[in-house]
Amino acid sequence: MPKHLVTALGLIVSLGVIALGVFLVALPLYFQAVGVDGQTATVANTNAIYQAQVDHLTAEEENLEQINAEVSGLRSQIPATAQLDDVFEVVGRAAEASGVSLTSVTAGEQVLFTTRTGVIDGDAAAAAVAPAPAPDPTPSATEGAADTTAGATTDAAAGGGIAAAAGRQQVDFVISASATDMAQATAFLDALRAGPRLLNSITATTTQSGEGTFDVQITALTFMDAEG
């Protein structure tokens, strides 16, 4: 066999061995390295996300006392159980702070919470109530207009659709008090709204019962939520 053919065959065999090595060894290693690089990038991104979450939790931990205080404040407004003594305490402190004389404080039944679907602002209605004048056998036109306005305010506060909300409950309160003037009655309402126990849908009416004496009748709701 000629020498040049032997050399050509050896070259062909060598190239075949090299090609076989590339396909059987080099290419799998290359693809494995590419896969490892992809996995490394994925792990790096995941670690970055975890680190961001850890940083956020660390920052929240620094504000943990403030968060707990806010939660406690909200729970004092709407507790898990009725705790109606809290409401009576709020009413008593409000009366003491404003100087009104309490006549009666009555709690209603504990019933399922209802969400009002109408546009109602009980607090605004309570703040806008004007005193009714003392009885007069010949009421003037101005007094009649004032009575009509007060009646409309009460109707507006009582209007609006309601929808039941499961898991929450409410108790209605009726509060009667006697004030020496409208400023004292307004101060009493402001103190009731100050809490800490939440009183909502507050509606108030006043009637002048005598010289320098106003009878204040207030209805309000308090709430509880066992689900928190």
Side-chain angles (χ1 to χ4, degrees), residues 69-132 146-179 182-207 209 214-228:
E70 292 176 353
V71 171
S72 298
L74 292 175
R75 178 54 72 188
S76 67
Q77 294 183 16
I78 304 179
T81 58
Q83 300 181 15
L84 298 184
D85 288 345
D86 293 346
V87 180
F88 288 104
E89 185 177 350
V90 167
V91 175
R93 284 202 304 263
E96 182 179 359
S98 60
V100 303
S101 299
L102 285 177
T103 305
S104 65
V105 182
T106 306
E109 295 293 330
Q110 184 171 324
V111 297
L112 191 65
F113 171 75
T114 53
T115 303
R116 295 181 180 272
T117 58
V119 179
I120 302 169
D121 190 350
D123 290 346
V129 169
D147 290 342
T148 303
T149 303
T153 303
T154 303
D155 292 341
I162 56 176
R168 303 176 185 176
Q169 294 183 326
Q170 65 186 31
V171 176
D172 64 292
F173 271 79
V174 178
I175 305 167
S176 299
S178 178
M182 282 303 299
Q184 195 177 65
T186 302
F188 181 50
L189 291 173
D190 291 339
L192 288 177
R193 285 192 288 266
R197 182 65 180 266
L198 177 64
L199 288 174
N200 199 12
S201 300
I202 297 177
T203 303
T205 57
T206 60
T207 304
S209 57
F214 294 86
D215 291 333
V216 184
Q217 187 80 4
I218 300 170
T219 60
L221 293 176
T222 190
F223 308 100
M224 62 278 321
D225 186 359
E227 297 178 356

Identify the residue among Q170, R197, Q169 that makes a side-chain hydrogen bond (donor to acceptor under 3.5 Å, both in side chains) with T222. R197
For A177, side chain to side chain contact (heavy atoms under 4.5 Å, CB included) partners two or more places apart: V100, L102, F188
Side chain to side chain contact (heavy atoms under 4.5 Å, CB included) filter on A107, not counting sequence neighbours, yields L84, F88, V171, F173
Measure the CE-CZ distance between M182 and F214 for me, rounded to the nearest 0.5 Å. 7.0 Å
E89: what forms a salt bridge (charged side-chain N to carboxylate O under 4.0 Å, His left out) with it, not counting sequence neighbours? R93
Determine the minimum heavy-atom distance between I175 and L192, stating which atoms define it. CD1-CD1, 4.2 Å
Side chain to side chain contact (heavy atoms under 4.5 Å, CB included) partner of L199, the single match among V87, L189, I218: V87
For D190, salt bridge (charged side-chain N to carboxylate O under 4.0 Å, His left out) partners two or more places apart: R193
Roughly how far, to the nearest 0.5 Å, is the CD atom of Q184 from the OG atom of S178? 8.0 Å
Shortest non-hydrogen pair, A94 vs A191, comes out as CB-CB, 3.4 Å
If the condition is side chain to side chain donor-acceptor pair (under 3.5 Å), which residues does Q217 pass it with, not counting sequence neighbours? S176
